[in-house]
Amino acid sequence: MPKLTINGTDHDIDAPAEMPLLWAIRDMVGLTGTKFGCGVSQCGACTVHVDGVATRSCVTTIGSVGDKKITTIEGLAGDGNHPVQQAWISQAVPQCGYCQSGQIMTAAALLAKNPKPDDAAIDAAMSGNICRCGCYNRIKSAVAHAAELA
């Protein structure tokens, strides 16, 4: 039985090792902030951190995670005070909001790796995340603002 460490808590997952991490997080652990979008790693709605790396949970199996630390949007900052979350609020980024947890997790991983990204670095990091509402300019602005806040 795989054991996953999600947001600092160990969870025994009674499921086959081939199960996508997304479904273990949502259906077995009950953390629904991570969203299902496409199921083929193209949209970014399911992005979580695995040992700090932005990872598409819809195509990552629970068996491949091993003893790595998984962080979901719920575990990024329990009080919502992560600089990216604060920037998202101050820049009024979301429209429908469906993609936002994946967008935020991708941005947080970028800033952890590159605290002062230029526009090109932001574009490159965020390019794999799709926003069906077209909030890309606000997203880019919020990532730059989060870098200032951090």
Could you check whether any side-chain heavy atom of Leu149 comes within less than 4.5 Å of a side-chain heavy atom of Val84, counting everything from C-beta outward? no

Please check if any side-chain donor atom of Glu74 sits under 3.5 Å from a side-chain acceptor atom of Asn7, or the reverse. no

Under a 4.5 Å side-chain heavy-atom rule over Ile, Leu, Val, Met, Phe, Trp and Tyr, are Leu76 and Ile6 clustered together? no

pair Lys140-Asp123: side-chain heavy atoms closer than 4.5 Å: yes

Answer with yes or no whether the side chains of Ser141 and Gln91 bring together a donor and an acceptor at under 3.5 Å. yes

Worked verdict on Val48 versus Ile25 for side-chain contact (heavy atoms from CB on, under 4.5 Å): CA-CA 10 Å; Val48 298; Ile25 291 168; 4.0 Å; yes

For the atom pair OG1 (Thr9) and CG (Leu4), what is the distance rounded to the nearest 0.5 Å? 12.0 Å

Does Val29 share a hydrophobic cluster with Ile73, counting links as ILVMFWY side-chain heavy atoms below 4.5 Å and allowing steps through other members? no

Check Gly37 against Cys43 and note the closest heavy-atom contact, atom names and distance. CA-SG, 3.6 Å

Do you know the tightest heavy-atom contact between Gly80 and Gln86? O-NE2, 2.7 Å

So does Lys68 get a backbone contact from the side chain of Asp51, meaning a donor-acceptor N/O pair under 3.5 Å? no

Do Pro20 and Thr61 have side-chain heavy atoms sitting under 4.5 Å apart? no

So, taking the atom named CG in Leu21 and the one named SG in Cys58, what distance separates them when rounded to the nearest 0.5 Å? 10.0 Å

Sub-4.5 Å side-chain heavy-atom contact between Met105 and His49: yes

Check whether any side-chain heavy atom of Leu31 lies under 4.5 Å from a side-chain heavy atom of Arg26, and answer yes or no. no

Does any N or O in the side chain of Lys3 come within less than 3.5 Å of the main-chain N or O of Asp10, such that one atom is a donor and the other an acceptor? no

Could you state the interatomic distance from CE (Met28) to CG (Asp14), rounded to the nearest 0.5 Å? 6.0 Å

Any side-chain heavy atom of Thr47 sitting closer than 4.5 Å to one from Asn129? yes

With Trp88, which of His145, His82, Gln100 fulfils side chain to side chain donor-acceptor pair (under 3.5 Å)? Gln100

Would a hydrophobic clustering, with Ile, Leu, Val, Met, Phe, Trp and Tyr connected at side-chain separations under 4.5 Å, put Val50 with Phe36? yes

With rounding to the nearest 0.5 angstrom, report the OG1 to CD1 distance, Thr106 to Ile122. 13.0 Å

Taking the side chain as every heavy atom from C-beta outward, state whether Met126 and Gln103 have any atom pair closer than 4.5 Å. yes

Can any side-chain N or O of Ser57 pair as donor or acceptor with the backbone N or O of Cys46 at less than 3.5 Å? yes

Does any N or O in the side chain of Tyr98 come within less than 3.5 Å of the main-chain N or O of Cys131, such that one atom is a donor and the other an acceptor? no

Side-chain donor or acceptor of Thr72 paired with backbone N/O of Thr34 under 3.5 Å: no

Side chains of Cys99 and Arg132 in contact at under 4.5 Å (non-hydrogen atoms): no

Closest non-hydrogen atom pair between Pro117 and Ala121, with its separation: CB-CB, 3.8 Å

So for atom CG, which belongs to Asp12, do other residues, nucleotides or ligands contribute more than 12 heavy atoms lying within a distance under 6.0 Å? yes

Where Gln95 and Cys135 come nearest, the two heavy atoms and their spacing: CB-SG, 3.7 Å

Are Ile70 and Met19 connected in the hydrophobic side-chain network, where two residues link if heavy atoms are under 4.5 Å apart? yes

Closest approach of Ser101 and Gly33, non-hydrogen atoms and distance? OG-O, 2.7 Å

